[in-house]
Amino acid sequence: MPNPCTADALTAIHAFVKAQQNAGYALDTVRLRGTLLTEYLEHVLHEEKVPSLTAEELLQPERAASWLDAAGAGATRRRNTLTGPAAAAAHDSQRARVQTYNAFAGHLGLSLTLPYPASGHGDRLEPEQAHTLLRTLAVKRPTGANAATAIRTAAVAALVAATGRTVPQLHRLNVSDVDLERRPVPVVTVDDSEHLLDKHTVQTLRRWLDVRAGITQALEGSDPGFLWIPTKPGRERAGVQPPKPGLTRAAVRTLHSAHRNLVLQVVGVPLRPYALLPRS
């Protein structure tokens, strides 16, 4: 049986991505890991002016350190960001690179690991950055993206920023918790606490509620009233048809995945919703 460590690095990356898919990892995770490993390989080949490397050669610690340093300085970036093309890499982006490296090394059976950067809130955006991201999410939809999912994601992000609440906390909201007609200022009630809503958040929520109404029109019977609902039918499982969108809440993991995917496509940084939380 061929040794995967001595295989061409690009071939080994493709095999790793396939193995991750077969293992049931989330599609967004698999796609991101494939992208980061390709970035890693391209960086090393360019820096060392060599046509190819084996997987084991690619994973040598000094090459990984060079890649992380370059990525940390923004040198591997292909798209602009909220803070410009030369901005340093986000904390979560670097952590994702280390996680990807370690997962790939483990897949190859190599006892090579990089230390994980400490988790924290280093990626929380400044108010102006958060405002720019929210405006961008509300108006920009990547080619091929689902329009309903995009506006739902923008509405969730707007509420995270407006309320300082996390996605799991906002996940429990019903339509009745949102009062956009309240005077003098619209509010949303989260866990019995009212939060005032700014004009932008109100506009984004109105767009989502209009989209949501279009989805729930197909329901037979009354609308359960969940604020966040799936935007398309789920997959059939074991011959059982999934419930129609609107009959169940959208899962927390679904809201997180949609946010990460949309932000990654729009601004090139896989920021999580907590980046929008106000700095304490």
Side-chain angles (χ1 to χ4, degrees), residues 5 8-17 19-20 25-108 110-126 129-130 132-133 136 142 256-257 259-276:
C5 295
D8 176 76
L10 186 58
T11 300
I13 289 171
H14 289 162
F16 169 70
V17 169
Q20 294 269 288
Y25 283 87
L27 180 61
D28 289 345
T29 299
V30 175
R31 184 186 297 115
L32 178 62
R33 287 181 173 179
T35 298
L36 293 179
L37 286 174
T38 302
E39 173 195 274
Y40 178 20
L41 176 60
E42 289 177 349
H43 167 76
V44 175
L45 295 180
H46 175 75
E47 288 295 307
E48 300 185 13
K49 303 296 189 294
V50 294
S52 65
L53 290 168
T54 68
E56 187 169 15
E57 289 171 338
L58 176 65
L59 287 177
Q60 291 307 301
E62 62 272 15
R63 290 188 170 110
S66 172
W67 170 51
L68 291 175
D69 286 346
T76 63
R77 181 174 293 114
R78 296 182 179 181
R79 288 174 289 190
N80 201 355
T81 73
L82 294 172
T83 51
H91 175 91
D92 275 358
S93 296
Q94 290 295 80
R95 187 172 177 83
R97 288 182 173 91
V98 171
Q99 290 173 330
T100 297
Y101 174 95
N102 289 345
F104 187 39
H107 167 75
L108 296 174
L110 297 173
S111 56
L112 297 172
T113 56
L114 297 175
Y116 287 102
S119 59
H121 300 294
D123 282 340
R124 288 191 181 176
L125 300 175
E126 297 293 341
Q129 294 174 329
T132 300
L133 176 58
T136 302
H256 270 294
S257 176
H259 177 94
R260 182 183 179 86
N261 187 49
L262 184 63
V263 173
L264 182 61
Q265 292 183 67
V266 169
V267 298
V269 180
L271 291 175
R272 297 173 183 170
Y274 80 71
L276 294 162

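For this chain, numbers begin at 1 and follow the sequence in order.
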* Asked: Looking at Phe104 and Ala12, what are the two nearest heavy atoms and their distance?
  -> CE1-O, 3.7 Å
* CG-CD distance between Leu10 and Glu42, expressed to the nearest 0.5 angstrom -> 9.0 Å
* What's the spacing between Leu37 CG and Arg97 CZ if we round to 0.5 Å? -> 11.0 Å
* side chain to side chain contact (heavy atoms under 4.5 Å, CB included) between Tyr40 and Leu36: does it pass, once the steps are laid out? -> CA-CA 6 Å; Tyr40 178 20; Leu36 293 179; over 6 Å; no
* Would you name the heavy atoms of Leu58 and Ala9 that are closest together and state the gap between them? => CD2-CB, 4.0 Å
* To do: Measure across Thr136 and Thr132 and return the closest heavy-atom pair with its distance rounded to 0.1 Å.
  => OG1-O, 2.8 Å
* **Residue pair Tyr101, Leu112: steps toward the side chain to side chain contact (heavy atoms under 4.5 Å, CB included) verdict** => CA-CA 9 Å; Tyr101 174 95; Leu112 297 172; 3.7 Å; yes
* Between Asn102 and Leu114, which heavy-atom pair has the shortest distance, and what is it? -> OD1-N, 2.7 Å
* Asked: Where do Arg31 and Leu264 land on the side chain to side chain contact (heavy atoms under 4.5 Å, CB included) test, with the steps shown first?
  -> CA-CA 11 Å; Arg31 184 186 297 115; Leu264 182 61; over 6 Å; no
* Quick one: salt bridge (Lys or Arg N to Asp or Glu O under 4.0 Å) pairs with a partner in residues 53-62, sequence neighbours left out? -> none
* To do: For Leu59 and Ala105, work out which heavy atoms get closest and say how close.
  => CD1-CA, 3.8 Å
* Excluding sequence neighbours, so at least two apart, what forms side-chain hydrogen bond (donor to acceptor under 3.5 Å, both in side chains) with Glu47? -> none
* To the nearest 0.5 Å, tell me how far Arg63 CZ sits from Leu53 CG. => 5.0 Å
Report, one line per pair, each donor and acceptor closer than 3.5 Å where one atom sits in a side chain of residues 65-72; sequence neighbours left out.
residue : atom : partner : partner atom : Å
Ser66   : OG   : His43   : NE2          : 3.0
Trp67   : NE1  : Glu39   : OE2          : 2.7

* Asked: How many angstroms lie between atom CG of Leu41 and atom CG of Asp8, to the nearest 0.5 angstrom?
  -> 7.5 Å
* From NE2 (His256) to CG (Asp28), nearest 0.5 Å -> 13.0 Å
* **Interatomic distance, Asn261 atom CG to Leu27 atom CG [nearest 0.5 angstrom]** => 8.0 Å
* Structure fact -> Note: Ile13 and Thr38 closest approach over all heavy atoms is CD1-N, 4.3 Å
